[in-house]
2 protein chains.
Amino acid sequence: MQDFQNRISFRINENVFLKDPLSSDLGKKIIRASIDLIEELGFDDFTFKKLATEISSTEASIYRYFENKHNLLAYLVMWYWRWIEYRLIMATMNIDDPKKRLDNCIQVLTEKVTEDMTVSQVNEVKLQSIVIEESSKVYLNKKVAEDNRHGFFVPYKDVVHRVASIIEEMRPDFKYPHMLVSTIIEGTNHQRFFTNHLPRLTNVIDGEDAVCAFYGEFTNKILEK
Amino acid sequence: MQDFQNRISFRINENVFLKDPLSSDLGKKIIRASIDLIEELGFDDFTFKKLATEISSTEASIYRYFENKHNLLAYLVMWYWRWIEYRLIMATMNIDDPKKRLDNCIQVLTEKVTEDMTVSQVNEVKLQSIVIEESSKVYLNKKVAEDNRHGFFVPYKDVVHRVASIIEEMRPDFKYPHMLVSTIIEGTNHQRFFTNHLPRLTNVIDGEDAVCAFYGEFTNKILEK
DNA sequence: CCTACTTGATAGTAATACTATTATGTTTGC
DNA sequence: GCAAACATAATAGTATTACTATCAAGTAGG
């Protein structure tokens, strides 16, 4: 983590970009505007041409930062998990009881992001929407092995491992800590998507964050002795 | 359900196709070959041109059956859930104990499909791979509201409701039956994908179907009083 | 045998995802 | 203060994709 313009910033694996977007004004504009545009248009209708118009630059200039739009999405998602990891660290700092540590982590993994949580120069509220609606496109394709070799999923894996290791500490006999954590993460994203678009596939409860409540309750039950 | 060529066949909502692919030889070839090709190339690299070459026909002919490749994928996924529903019906027939009914359903939802389970003219083994790797692309896009209005998700919702209603019968006070079922379904697909491509995000256990075991165990725990 | 319908053959279009080249402006080192 | 290095802009061009349109040929039923 390095400080940048008075705000937190995360180090992202170099394989995902051709030139570090945080190293120039144009790069930072690319990140900002791509978050706005992907959130607005959806990743499928998002193009480098539209992005270039948005920031009054050219397609060719954007291609100097990212090989393609797939890698740009991968960058944004990596950023998101590094930010979540940072929040996991904050949420478990100076807490000894593993049960409490785990509860706090589940809270971080499942809660809805609001403006006041943002710490970096990117818009984390929009970024969470992008993660919910688009992030699985980063791995659901035939390039997943190559991207994995290039470290595109390291930030995600680090988050899963961090929480799984608390579970292992609490319950060394539990056989599926990673499966539990990735189920919670992917499940949260799906349930939020369903709440917004296909509510009959989930349970929407007035005045309650049902997603948060469900996964919290459910983790406790599963780890009960 | 209608019988066709000595094999079971499912009725699929007409909005998804322009002409029923089961009504002609060419249509059936389109379905068969598209399953082979999507499984082989992945949905992103799959095109109607390649499909046309594969079946010695033309792009224009395929467009007479499906408006676009998105709707063809939606058709295949709808077929899959109709098949799963059929298997849920078989697995709960003549069983009175709701607990046992639920256990059988979870088994159907989480088990890996093998050749001997196939009942229809489509290759359900390949179809399950497609559902695991591609099905979320049917709803993860900006057309989801329109597709939902056209009934593209009815087979999926029917499966979720069928299983959720057993849970409601067992535990009328449980607040999240739909969330639980869709978490199991989506979770299973993710965990199978992770097992194949990103094993550090899950737990792979030798000589055990960990996915099946995890979601079975976990459902019991959550519904325990 | 005529009509309707299905498929094949061919052509064409707009948009996308890039690549390449050259020009212009700006910063940095000496 | 000036050249070299570098970043960006401007422009052009290509292959592929996702379609649409038109017409001809074959075939099936009444």
Could you give the distance from CD1 (A:I55) to CD1 (A:I30), rounded to the nearest 0.5 Å? 5.0 Å
Describe, in one word, how the ring planes of B:F48 and B:F46 are oriented to each other, choosing from parallel (under 30°), tilted (30 to 60°) and perpendicular (over 60°). perpendicular
Give the B/S/- string for nucleotides 16-23 of chain D, one per nucleotide from 5' to 3', where a protein heavy atom under 4.0 Å of the base yields B, of only the sugar-phosphate yields S, and otherwise -. --BBBB--
Could you check how far NZ of A:K29 sits from P of D:dA7, rounded to whole Å? 16 Å
How would you list, by chain and number, every residue that makes a side chain to side chain contact (heavy atoms under 4.5 Å, CB included) with A:T219, sequence neighbours excluded? A:L102, A:I106, A:L180, A:I184, A:L223
Less than 4.0 Å between a side-chain N and a carboxylate O, is that true for A:E111 and A:R87? yes
Can you list the residues that meet the side chain to side chain contact (heavy atoms under 4.5 Å, CB included) rule with A:K142, with sequence neighbours excluded? none
Set of residues satisfying side chain to side chain contact (heavy atoms under 4.5 Å, CB included) with respect to B:N141, sequence neighbours excluded: A:D44, B:H70, B:K143
Those residues that, when tested against B:L41, pass side chain to side chain contact (heavy atoms under 4.5 Å, CB included) (two or more places apart): B:L37, B:D45, B:K50
Where chain A begins and ends its contact with DNA chain C, read 5' to 3' at 4.0 Å from heavy atoms: C:dA17 to C:dA20
So B:F66, base contact, sugar-phosphate only, or nothing? Heavy-atom distance under 4.0 Å. nothing
Without decimals, in angstroms, what is the distance between B:D25 CG and D:dG26 C1'? 15 Å
Report yes if at least one side-chain N or O of A:S61 is closer than 4.0 Å to OP1 or OP2 of D:dA9; otherwise report no. yes
When the aromatic ring centroids of B:Y139 and A:F194 are compared, is their separation below 6.0 Å? yes
